[in-house]
Peer 1: 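I'd like to ask you about the structure that follows.
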Amino acid sequence: LKIVKPYSRGSREWKPLEEFARALGVPLETIAREPVALAPRRGAPYMEVYDLAGLPEPLREYLYSPLTPGDFVGILEPAKSFKPSLLLGALLAAKCGLIRCIKVTVEGEKFFLYGKLVYEDKIVEWKPGLAPVVGDDGEFLGWGFGREHKIGRRRLRLVEPVWDLGWYLRRGG
Amino acid sequence: MPEREYSKLSRILALARERVDGWIMRVASRYGYAPYMISRYLEALGSRDSVVALLEANEEPMPETIRCNDHLIDCQHLKELLEGKGYELERIPFLPHGFHVTRVGVGSIGATHEYLKGYYYIQDPASMSIVYSLDPRPGETVADFAAAPGGKSTQILQLMKDTGFLVAIEKNPRRIRSLRSNLARMRFRSYAIILADATKVELPIAFDRVLVDAPSTGEGIIRKDPKRKTSRAPEDLAHIHEIQYAMLERALDSVRPGGIVVYSACTLAPEEGELVVDRILSSREDVEVEHHGLIAEPGVVEYFGEKLDEMVSRCGRFWPHVHGTDGFFVCRLRRVEN
């Protein structure tokens, strides 16, 4: 790893992360107290964002060699978008009373974890846009995107999986 | 004896080839093994009956076992959840978080929602027991010297209650994918993954404990990989022994005085177990072997006429025909003030 970019407030390349925090209604510190972006390999079209807050001091000197230095927060495509990690989702889901989350039924959970759309009657709580999705028991299931679809006069609410826990299985271990 | 004069291994491997009699040839042919392996089993086990019992046990498929992640879920609750889906689980008496899957429900045990949520890890009982011997405590600084795919790293963090810090070292970039995935799936945070060769790694930390679950020739997992009966030559044992020795040496240099190193390998080969430890004991003054605290059988102290350091008897071996597990070697070493 040769490219390390510490967070700089308001800079163009960190804008997607700031926008993500704003859309979720949380301060950036809730996402990461000490964000840093690392290139996963030379020439990669994206950066991986980590929170270094928990990394012991002596290991910070070795920031070029650790592959996962601290909490993996998500993927940053400079000046385009920020894709939050499953770990971040699990941490944020614990704050579901404070931030808005999507909640699905037990049956909805099955659909969601198999990467399928979840429809109206399988949704307990819904919000538009990107949000952590939790099951009926409040357990984090992944990131979903709340959409409204208009069919005639009726508005159908649905949740589209963005990055669900089923990924651990589908990616092959 | 200085390390450079360690010559027991070559003498032993030469004898393993030479001491092949008619009975060994017949048994090797019946069970499909390279004859030198049978001669080594006879030497380590001491009787023909035990050798046959081992070979028979190696013909049986491994039962599925899981380790409950009590960092995320109460183990009894996990049992109830899975039993509600048609699985049947039985506690493994000598493993606090271990369960045998005695009946499979709908689909594979590796494809349930509970698995995706990180509530458990599929792991052999012998492999699971190694981390209990390491006994990591909350708040400590620990290293795992061959961390992928993450079975033992996740278990270390589980026992540390995700406090302190784990440095997970892995040499193979491809295997880091599964390591990262398992650590994230089981929702641990107090770790860093470092891409490095554990035989050479130098970190600015004196660890409280280090786990060296060394790469091996796989002689302990013939039940999963029957090709191993013939796929390796004695030279492979000599080659892997050098890597294992270098990793253990490095690990001992990395712990603080008083710190613990657990050396393990999924192997039945004394060349990859007792001989590695014996070589360490013959080359260093600052190491003691402690009892591993597991149900394992004592280490082999005499092999093809070579007497090993008495302390090696405190190491442990899991035998498939005795414990019903994979074959495994474990040894708990303490670095003492020199």
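Every chain is numbered from 1 and lettered A, B, ... according to where its sequence line falls, protein lines coming before strand lines.
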Peer 1: Sort B:Tyr191 into side chain, backbone, both or neither according to what part of it lies under 4.5 angstrom from a heavy atom of chain A.
Peer 2: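 Both backbone and side chain of B:Tyr191 come within 4.5 Å of chain A.
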Peer 1: May I have the step-by-step check of side-chain contact (heavy atoms from CB on, under 4.5 Å) for A:Phe72 and B:Arg189, ending in yes or no?
Peer 2: CA-CA 9 Å; A:Phe72 175 47; B:Arg189 301 175 64 192; over 6 Å; no
Peer 1: Counting the benzene-type ring for Trp, do B:His113 and A:Phe112 have ring centres under 6.0 Å apart?
Peer 2: no
Peer 1: What's the spacing between B:Lys117 NZ and A:Phe140 CZ if we round to 0.5 Å?
Peer 2: 11.5 Å
Peer 1: OH/A:Tyr168 to CG/B:Asn182 distance, rounded to the nearest 0.5 angstrom?
Peer 2: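 Taking OH in A:Tyr168 and CG in B:Asn182, the distance rounds to 9.0 Å.
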Peer 1: Rounded to the nearest 0.5 Å, what separates atom OG1 in A:Thr68 from atom CD in B:Glu170?
Peer 2: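 Nearest 0.5 Å value for the OG1-CD distance: 12.0 Å.
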Peer 1: Would you check if B:Ile194 and A:Leu59 make a side-chain contact, meaning some heavy-atom pair closer than 4.5 Å?
Peer 2: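 They are in side-chain contact.
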Peer 1: Find the one option among A:Asp51, A:Leu86, A:Leu91, A:Leu141 whose heavy-atom pairs under 4.5 Å with chain B are most numerous.
Peer 2: A:Leu91
Peer 1: If you round to the nearest 0.5 Å, how far is CG of A:Leu67 from CD1 of B:Ile193?
Peer 2: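 CG of A:Leu67 is found 7.0 Å from CD1 of B:Ile193.
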Peer 1: Rounded to the nearest 0.5 Å, what separates atom CD in A:Glu57 from atom CD1 in B:Ile205?
Peer 2: 11.0 Å
Peer 1: Could you look at B:Arg180 and say if it's the side chain, the backbone, both or neither that has a heavy atom under 4.5 Å from chain A?
Peer 2: side chain
Peer 1: Where do B:Ala192 and A:Pro69 come nearest, in terms of heavy atoms and distance?
Peer 2: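 Closest heavy-atom pair between B:Ala192 and A:Pro69: CB-CA, 4.2 Å.
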Peer 1: I need the minimum non-hydrogen distance between B:Pro204 and A:Pro58, along with the two atoms involved.
Peer 2: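 That closest heavy-atom pairing would be CG-O, 3.5 Å.
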Peer 1: With heavy-atom distances below 4.5 Å as the criterion, would you say the side chains of A:Leu55 and B:Phe165 are in contact?
Peer 2: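 A side-chain contact exists here, since the closest heavy-atom pair is under 4.5 Å.
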Peer 1: May I ask you to test the B:Arg185-A:Leu165 pair for a side-chain heavy-atom distance under 4.5 Å?
Peer 2: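 No, their side chains stay 4.5 Å or more apart.
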